[in-house]
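Here is the structure we will look at.
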Protein chains: 2
Amino acid sequence: MRENQTPVESCSCDVIHQNVVDRVKPLMPKEEALYDLAELFKVFGDTTRIRILWALDASEMCVCDIAFLLNMTQSAISHQLRVLKQAQLVRGRKDGKIVFYSLEDEHVRQIFDQGLVHIHEM
Amino acid sequence: MRENQTPVESCSCDVIHQNVVDRVKPLMPKEEALYDLAELFKVFGDTTRIRILWALDASEMCVCDIAFLLNMTQSAISHQLRVLKQAQLVRGRKDGKIVFYSLEDEHVRQIFDQGLVHIHEM
DNA sequence: ATTATATATGAACACATGTTCACATGAGCC
DNA sequence: GGCTCATGTGAACATGTGTTCATATATAAT
């Protein structure tokens, strides 16, 4: 019985460098970590969410402020804030009718910075 | 004449904190930078591409090796490699019939690490 | 209570995206 | 040349995603 490998390989060509594959295979992280990583970056992969995060990095803001700042509907912002909240990137603080959103931690800024380094904007 | 602001605001609610908006607005980067940033993270936002990048971080590999390692078709890998190449994350080195791919630079690893820090995998 | 306002949310829609399939390209080999 | 193999690519398809619209919820004000 194999452990966690599907028996049928769907690659349509011969393996050229079996030694390379054998060396890299054990270095691959478990599927779950890679999935979580992709899910996180997926959240960053939208202009609206990037703009929200950038704005919140400057200041705590309520939904209405963000919508006005970004010139978008309150509904659209609210939907995206939910995505950001689920990814634990932002946090909501309720004060009466108003909900003030802010960044959950400082990782956001650091991830931004690494991205900016790559696109030569830093 | 306004500069770069659309005249009609699509926010459906009143602005609560005009001072906050006025303070944050000039801190927002230009639209292009935010777009590029989102595009970059979008590339990272897919499990297949993450796996390819991780594999290439371990070793230079040809298309066929990657396909075999990840148990996917050569075509799927080839399509994704094109996306990664366009984002300047990987580079191809042709040697006869075989094309060896490797990471373009070390930014990939750093972006990965920041992501892993956030999801508490590091 | 009634009304107004800030936010949340479900459904619908248009659009983007990843994989597959079939086939093209291009390089070595006979 | 003709053949084989590694890779690239366009079209089709199913699935995922972001916004809008209508409406629900919750809190404050009257």
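In this structure, the ring of F68(B) has its center no less than 6.0 angstrom from the ring center of H17(A). Aromatic ring centres of F44(B) and H118(A) lie farther apart than the 6.0 Å criterion allows.
As rounded to whole Å, 17 Å separates atom P of dT17(D) from atom CZ of F41(A). If you take CE of M72(B) and P of dG18(C), they are 11 Å apart, rounded to a whole angstrom. Rounded to an integer number of Å, the gap from CG of N71(B) to C1' of dG18(C) is 16 Å. The CD-P distance, from Q86(B) to dG18(C), rounds to 12 Å in whole Å. Put simply, CZ on F68(A) is 13 Å from P on dA6(C), counting in whole angstrom units. With rounding to whole Å, I77(A) atom CD1 is found 8 Å from dT19(D) atom P. Taking atom CG on L81(B) and atom P on dT19(C), their separation rounds to 12 Å, with Å as the unit. The nearest whole Å value for the distance from the CD1 atom in I98(A) to the C1' atom in dA8(C) is 15 Å.
OP1 or OP2 of dT20(C) lies within a sub-4.0 Å distance of a side-chain N or O belonging to T73(B). Applying the 4.0 Å criterion to OP1 and OP2 of dT9(D), one finds that R82(B) has a side-chain N or O inside that range. Phosphate contact (OP1/OP2 of dA6(D), side-chain N/O of Y101(B), threshold under 4.0 Å): absent.
Panel note: side chain D65(A), backbone V21(B); no donor-acceptor pair is recorded below 3.5 Å. No donor-acceptor distance shorter than 3.5 angstrom exists from the side chain of R93(B) to the backbone of F100(B), with no hydrogens or angles considered.
Two residues are said to be in side-chain contact when any heavy atoms from C-beta on lie closer than 4.5 Å; I98(B) and V63(B) fail this criterion.
Evaluation of atom-type donor-acceptor distances gives a pair under 3.5 Å for the side chain of Q74(A) against the base of dA8(C). For Q80(A) and dG18(D), a side-chain-to-base donor-acceptor distance below 3.5 Å is absent, hydrogens and geometry of angles not being considered. Scanning atom types as modelled, one donor and one acceptor separated by under 3.5 angstrom connect the side chain of S75(B) and the base of dC21(C).
Taking for each of V83(A) and G96(A) the nucleotide of DNA chain D with the nearest heavy atom, the 5'-most of the two is the partner of V83(A). Residues D95(A) and G45(A) both approach DNA chain D. Their nearest nucleotides, taken by heavy-atom distance, put G45(A) toward the 5′ side.
From S59(A), atom OG reaches atom CZ of R23(B) across 4.0 Å, with rounding to the nearest 0.5 Å.
Comparing dG18(D), dT7(D), dT19(C) by their closest approach to the side chain of T48(B) singles out dT19(C). Nearest to the side-chain atoms of V99(B) among the listed nucleotides dG8(D), dT17(C), dT19(C) stands dG8(D). You'll find that the side chain of K97(B) is closest to dA27(C), out of dG18(D), dT7(C), dA27(C). Taking the side chain of K42(B) as heavy atoms from C-beta on, and the options dG18(D), dG18(C), dT17(C), the nearest nucleotide is dT17(C).
With centroids closer than 5.5 Å and planes inclined by less than 30 degrees as the test, H79(A) and the base of dT9(C) pass as a stacked pair.
F100(A) comes within 4.0 angstrom of nothing in the nucleic acid, heavy atoms only.
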